[in-house]
Colleague: 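Sending over a structure as structure tokens; questions will come in a sec.
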Amino acid sequence: QSALTQPPSASGSPGQSVTISCTGTSSDVGYYNYVSWYQQHPGKAPKLMISEVSKRPSGVPDRFSGSKSGNTASLTVSGLQPEDEADYYCTSYAASNNLLFGGGTKLTVL
Amino acid sequence: QVQLQESGPGLVKPSETLSLTCAVSGYSITSVYNWGWIRQPPGKGLEWIGTIHHSGTTYYNPPLKSRVTISIDTSKNQFSLKLRSVTAADTALYYCARQFGGWAFDIWGQGTMVTVSS
């Protein structure tokens with residue numbers, strides 16, 4: 001199966017909101033509520049930001065939120081801060097015990 | 001505090017087998033969670049390799065399934081990855097991670113770079 005589709009880049013000014021999309025199909029994102037989002041700073045391991053579409057792990061700022069509509073999941077970062085500049089990846093369960101990653105989105109804080 | 005640490009050779013010859021170990025501290029590997037391997041080629045995105053359930057059941061990414069084996073060593077509280085018949089395309093930073101319900105990875109190792117070259 002193909003990877004999930006994410007925009008290569010996104011940007012916003014400090015204090016603004018930005019939304020990153022993650023598009024799959026009716027067999028993965030559209031069917032299961034097992035979408036996760038990860039933040040990765042250069043040279044660092046990924047960090048879980050959102051699980052099960054919209055659940056925020058302990059310690060993740062509430063500026064980060066997740067949602068899903070049809071075959072597209074979204075990560076919204078509100079009140080952008082300089083430290084939010086990073087790569088963001090989505091994943092989705094895809095049946096038969098398979099997991100798909102998105103290609104990643106580079107978020108730039110202007 | 002749960003920590004994961006990858007280890008293994010940093011250089012593997014083409015056609016040989018890549019072998020990595022992930023040592024888990026602060027948590028029993030036989031308890032509730034699952035354990036996974038993810039890789040990231042230089043300058044590229046993340047790719048799921050496979051997952052092992054705490055009971056030992058394994059799940060692999062279909063394109064890699066014929067070459068991958070993930071196993072658990074309960075006596076050492078660690079799990080391992082073997083990737084056979086490697087090529088330059090398998091050159092990547094390899095991460096191990098803890099996976100919970102919902103197929104999310106909440107704790108990651110720091111990653112270990114493996115280069116496939118003669």
Side-chain angles (χ1 to χ4, degrees), chain A residues 1-9 20 22 24 27-29 31-60 66 68 73 75 86-106, chain B residues 1-7 20 22-24 32-66 68 70 92-113:
Chain A
Q1 281 171 285
S2 302
L4 308 175
T5 300
Q6 296 182 235
S9 63
I20 298 171
C22 171
S27 298
D28 38 72
V29 174
Y31 192 85
Y32 299 98
N33 287 324
Y34 289 155
V35 175
S36 300
W37 289 92
Y38 299 87
Q39 176 192 66
Q40 186 179 35
H41 287 112
K44 300 293 187 182
K47 174 186 178 182
L48 179 65
M49 305 302 283
I50 297 288
S51 68
E52 296 179 68
V53 177
S54 59
K55 295 182 178 179
R56 207 172 36 250
S58 173
V60 173
K68 188 182 82 167
L75 173 71
D87 293 327
Y88 291 83
Y89 294 90
C90 64
T91 66
S92 175
Y93 179 71
S96 302
N97 298 304
N98 189 18
L99 184 70
L100 301 176
F101 270 91
T105 298
K106 182 177 181 59
Chain B
Q1 180 184 359
V2 182
Q3 292 184 314
L4 284 70
Q5 178 67 59
E6 305 90 348
S7 63
L20 297 175
C22 181
V24 180
V32 175
Y33 294 98
N34 300 335
W35 309 91
W37 288 97
I38 302 98
R39 69 181 182 179
Q40 184 171 35
K44 296 187 178 181
L46 298 163
E47 179 183 32
W48 174 66
I49 299 171
T51 290
I52 188 163
H53 192 265
H54 61 86
S55 65
T57 304
T58 51
Y59 313 110
Y60 300 130
N61 191 345
L64 300 172
K65 186 175 182 178
S66 64
V68 174
I70 297 175
L93 184 58
Y94 285 77
Y95 293 102
C96 61
R98 188 177 78 170
Q99 180 182 324
F100 64 95
W103 284 74
F105 297 101
D106 63 341
I107 299 175
W108 294 64
Q110 64 185 24
T112 187
M113 183 67 199

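All chains are named by letter (A, B, ...) in the order of the sequence lines, taking the proteins before the strands, and each is independently numbered beginning at 1. Below, all heavy atoms of this structure are taken into account, side chains as well, without hydrogens, waters or symmetry copies.
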Colleague: Could you have a look at Gly104(A), Ser36(A), Pro46(A) and say which one has the most heavy-atom pairs with chain B under 4.5 angstrom?
Modeller: Pro46(A)
Colleague: If you count heavy-atom pairs under 4.5 Å with chain A, which of Phe105(B), Trp103(B), Tyr59(B) comes out on top?
Modeller: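 Option with the top pair count is Trp103(B).
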Colleague: Which atoms of Lys44(A) are under 4.5 Å from chain B, going by heavy atoms: the side chain, the backbone, both sets, or neither?
Modeller: backbone
Colleague: Which residue out of Leu48(A), Val53(A), Asn97(A) racks up the most heavy-atom pairs below 4.5 Å with chain B?
Modeller: Asn97(A)
Colleague: How many angstroms lie between CD in Glu47(B) and OH in Tyr95(B), if you round to the nearest 0.5 Å?
Modeller: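 Nearest 0.5 Å value for the CD-OH distance: 14.0 Å.
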Colleague: So, taking the atom named CG in Leu99(A) and the one named CG in Asp28(A), what distance separates them when rounded to the nearest 0.5 Å?
Modeller: 10.0 Å
Colleague: Report the residue from Lys55(A), Lys68(A), Glu52(A) that forms a side chain to side chain donor-acceptor pair (under 3.5 Å) with Asn33(A).
Modeller: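 It is Lys68(A); the other options fail the test.
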Colleague: Given a strict heavy-atom distance threshold of 4.5 Å, which part of Pro57(A) is in contact with chain B: side chain, backbone, both, or neither?
Modeller: neither
Colleague: Write down the atom of Pro62(B), the atom of Asn98(A), and the distance for their closest heavy-atom approach.
Modeller: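 Here Pro62(B) and Asn98(A) meet closest at CD-OD1, 3.3 Å.
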Colleague: With a 4.5 angstrom heavy-atom cut-off, is it the side chain or the backbone of Trp48(B) that approaches chain A, or both, or neither?
Modeller: both
Colleague: Mind checking whether Tyr38(A) and Phe101(A) have parallel, tilted or perpendicular rings, split at 30° and 60°?
Modeller: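 Rings of Tyr38(A) and Phe101(A): tilted, 30 to 60°.
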Colleague: What part of Ile38(B) gets within 4.5 angstrom of chain A, counting heavy atoms only: side chain, backbone, both, or neither?
Modeller: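 Side chain only.
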